[in-house]
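Just so it is clear, the values below take in all heavy atoms, side chains as well, and ignore hydrogens, waters and symmetry mates. Both counts, for ligands and for their atoms, begin at 1 and track the order of listing.
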Amino acid sequence: MAGLLVLLLGLALTGTAYAAFAPAGQAEQAVADQELIDEGRELFLVGCAFCHGQNGEGVLDVRGNQLGPSLVGVGAAAVDFQVGTGRMPMVQPGQQNPSKNVAYDEQETEALAAYVAALGPGPGIPDEETYSSDYLDDLSDEERDAAINRGQQIFLTNCTACHNFNGAGGAMPRGGYAPDLKGVSEKHIYEAMQTGPSQMDVFSDGNIPPENKREVIAFLNTLDEEPAYGGFTLGGLGPVSEGLFAWLIGIGSLVGFAVWIAAHTTRTKKGKAQA
Ligand code: HEC
Ligand code: HEC
């Protein structure tokens with residue numbers, strides 16, 4: 001009995017001591033978070049609830065088609081990616097939901113992300129240290145080349161099937177396409193891998209650890225800088241555009257040449273002379 005009493009007393013004392021000495025900042029932080037979540041909910045009800053539901057639970061239309069999926073557990077990273085690239089709010093439901101002009105400013109996007117994150121645990125927005133390729137500047141030349149090489153290997157294994165070997169993108173089965181990856185911000189590349197938008201796979205940290213994701217980003221940056229070698233790249237889309245090029249320019253010039261020959265034969269000359 002005495003032991004129990006001592007234990008209870010100990011617990012009560014630690015509790016009071018903690019309450020007395022705990023940094024007041026923590027409580028303030030919680031209030032600020034709640035304000036951000038409330039602001040996000042306001043924005044959500046106006047701009048997103050029509051498709052995603054009043055509580056982000058998802059909405060089916062009368063025919064049972066999905067207007068918008070449930071957002072419970074997609075995490076702040078998904079919102080930051082979808083809203084930050086202008087994909088959301090979606091305007092026209094369809095096979096493809098391309099990036100477009102961004103509708104919300106940074107602070108509003110943060111509020112929306114905080115609201116959705118509060119619906120259920122999911123991947124958070126990565127901090128700059130996690131995704132930025134700036135760390136390459138601190139490496140030796142060999143280390144940097146090795147990191148970019150690893151990034152390329154990971155890209156070739158995991159991404160080229162859809163985005164093409166040079167990140168130029170390509171058609172997807174059942175309509176739609178995987179977009180060109182040039183000019184996408186480092187944060188959005190990281191978040192795309194984290195959250196797998198639409199038909200793209202999710203690359204969890206178990207699958208591609210954060211430091212390897214950063215190497216993929218470092219590799220993609222080299223594509224942005226790379227000059228095009230050997231004449232026209234034709235969009236780098238491979239056989240389709242090259243075939244079209246050969247067809248239009250190649251066959252077109254043959255036809256033109258044939259017409260030119262025909263126009264200079266004796267028969268046409270004779271015709272002109274008679275006329
Ligand atoms: C199964 C096919 C597929 C694979 C594999 C795939 N992606 Fe994607 N990716 C897509 C599609 C489709 C989209 C467009 C999604 C949308 O618009 O909602 C996309 C979008 C993206 C975007 C956003 C581009 C933009 O314009 O905002 C990035 C970045 C990206 N992918 C990077 C990657 C990386 C890096 C890998 C490999 C680790 C990868 N993807 C693997 C299909 C794929
Ligand atoms: C017109 C309907 C519509 C509106 C409005 C809309 N969405 Fe969406 N949203 C969709 C659909 C449909 C998808 C699935 C898209 C896909 O797979 O490419 C989606 C997907 C998403 C995703 C990705 C979920 C995942 O699994 O990764 C997020 C996050 C999201 N929406 C957030 C928002 C936010 C935030 C807003 C308001 C600013 C919004 N949406 C407005 C229809 C809508």
### Task
Please step through side chain to side chain contact (heavy atoms under 4.5 Å, CB included) for the pair Glu186 and Ser133, ending with a clear verdict.
CA-CA 8 Å; Glu186 296 189 333; Ser133 64; 2.6 Å; yes
### Message
Please determine whether side chain to side chain contact (heavy atoms under 4.5 Å, CB included) holds for the pair Val116 and Leu112, giving the CA-CA distance in whole Å, both sets of side-chain angles, and the decisive distance to 0.1 Å.
### Response
CA-CA 6 Å; Val116 170; Leu112 282 165; 5.7 Å; no
### Task
Before giving the answer on side chain to side chain contact (heavy atoms under 4.5 Å, CB included), spell out for Met200 and Thr195 the whole-Å C-alpha distance, their side-chain angles and the decisive distance to 0.1 Å.
CA-CA 9 Å; Met200 179 165 155; Thr195 63; over 6 Å; no
#### Entry: Verdict with reasoning, Arg41 to Asn55, per side chain to side chain contact (heavy atoms under 4.5 Å, CB included)
CA-CA 9 Å; Arg41 179 169 164 76; Asn55 297 302; 3.6 Å; yes
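In this model, no donor atom of one side chain and acceptor atom of the other lie less than 3.5 Å apart for Asn207 and Ser204. Donor-acceptor pairing under 3.5 Å is lacking for the side chains of Glu215 and Asn149. Donor-acceptor pairing under 3.5 Å is recorded for the side chains of Gln107 and Glu39.
At least one heavy atom of Tyr104 sits closer than 4.0 Å to an atom of ligand 2.
Considering only non-hydrogen protein atoms, atom 42 (C) of ligand 2 sits nearest to Leu67 O, 3.4 Å. Among protein heavy atoms, the minimum distance from atom 5 (C) of ligand 1 is reached at Asn158 O, 3.2 Å. Closest to atom 26 (O) of ligand 2, if we only count protein heavy atoms, is Val74 CG1, 3.6 Å. For atom 18 (O) of ligand 1, the nearest non-hydrogen atom of the protein is Ser198 OG, 3.3 Å. At the top of the distance list for atom 27 (O) of ligand 2, counting protein heavy atoms only, stands Ala78 CB, 3.9 Å. Atom 23 (C) of ligand 1 has as its closest protein heavy atom Phe81 CZ, 3.6 Å. Of the protein's non-hydrogen atoms, Pro69 CD, 3.3 Å is the one closest to atom 13 (C) of ligand 2.
Looking at Gln82 against ligand 2, only its side chain comes within 4.0 Å, counting heavy atoms. Proximity of Leu43 to ligand 2, defined as any heavy-atom pair under 4.0 Å, is not found for any part of the residue. Only the side chain of Val184 comes within 4.0 Å of ligand 1, judged by heavy-atom distances. For Phe203, every heavy-atom contact with ligand 1 shorter than 4.0 Å involves the side chain, none the backbone. Neither the backbone nor the side chain of Phe219 has a heavy atom within less than 4.0 Å of ligand 1. The residue Val91 has no part lying near ligand 2, judged by heavy-atom distances below 4.0 Å.
Contact atoms of ligand 1 toward Tyr177: 12 (C) (distance under 4.0 Å to a heavy atom of the residue). Annotation for ligand 2: atoms under 4.0 Å from non-hydrogen atoms of Gly47 are 5 (C), 37 (C), 41 (C). The Gln199 neighbourhood of ligand 1 comprises atoms 1 (C), with distances under 4.0 Å to a heavy atom of that residue. Near Asn97, the atoms of ligand 1 lying under 4.0 angstrom from a non-hydrogen atom of the residue are 17 (O). Below 4.0 Å from some heavy atom of Val79 lie the following atoms of ligand 2, by number and element: 29 (C). Residue-ligand proximity, Val83 to ligand 2, at heavy-atom distances under 4.0 Å covers atoms 35 (C).
Using modelled atom types, no side-chain atom of His52 and backbone atom of Val59 make a donor-acceptor pair closer than 3.5 Å. At least one donor-acceptor pair under 3.5 Å links the side chain of Gln96 to the backbone N or O of Tyr177. A donor-acceptor distance shorter than 3.5 angstrom exists from the side chain of Arg214 to the backbone of Glu129, with no hydrogens or angles considered.
Nearest residue to atom 2 (C) of ligand 2 from Cys48, Ala49, Cys51 is Cys51 (criterion: closest heavy atom). Looking at Met88, Met90, Glu108 and measuring to atom 21 (C) of ligand 2, the nearest heavy atom belongs to Met88. Among Ala113, Pro89, Gly40, the residue whose heavy atom sits closest to atom 41 (C) of ligand 2 is Pro89.
Atoms SG and CD1, from Cys159 and Ile154 in turn, are 8.5 Å apart once rounded to the nearest 0.5 Å. Considering CG of Leu223 and CZ of Phe155, their distance stands at 7.0 Å, rounded to 0.5 Å.
Within the protein, the N, O or S atoms sitting under 2.8 Å from atom 8 (Fe) of ligand 1 are His163 NE2, Met200 SD.
Results of the side chain to side chain contact (heavy atoms under 4.5 Å, CB included) test with Met88 over Leu71, Val79, Thr109, Asn97 single out Asn97 as the only residue that passes.
Between Arg87 and ligand 1, at least one pair of N/O atoms sits closer than 3.5 Å. Of the N or O atoms in His52, one or more lie within a sub-3.5 Å distance of an N or O in ligand 2.
Pairing each heavy atom of Leu136 with each of Arg144, the nearest pair is O-NE, 3.3 Å. Nearest heavy-atom pair across Leu67 and Phe50 is CD1-O, 3.9 Å.
Counting heavy atoms from C-beta on, the side chains of Tyr104 and Pro89 come closer than 4.5 Å. Looking at Tyr131 and Ile217, their side chains come closer than 4.5 Å, going by heavy atoms from C-beta outward.
Between Lys213 and Asp205, at least one side-chain N (NZ, or NE/NH1/NH2) sits under 4.0 Å from a carboxylate O, which counts as a salt bridge.
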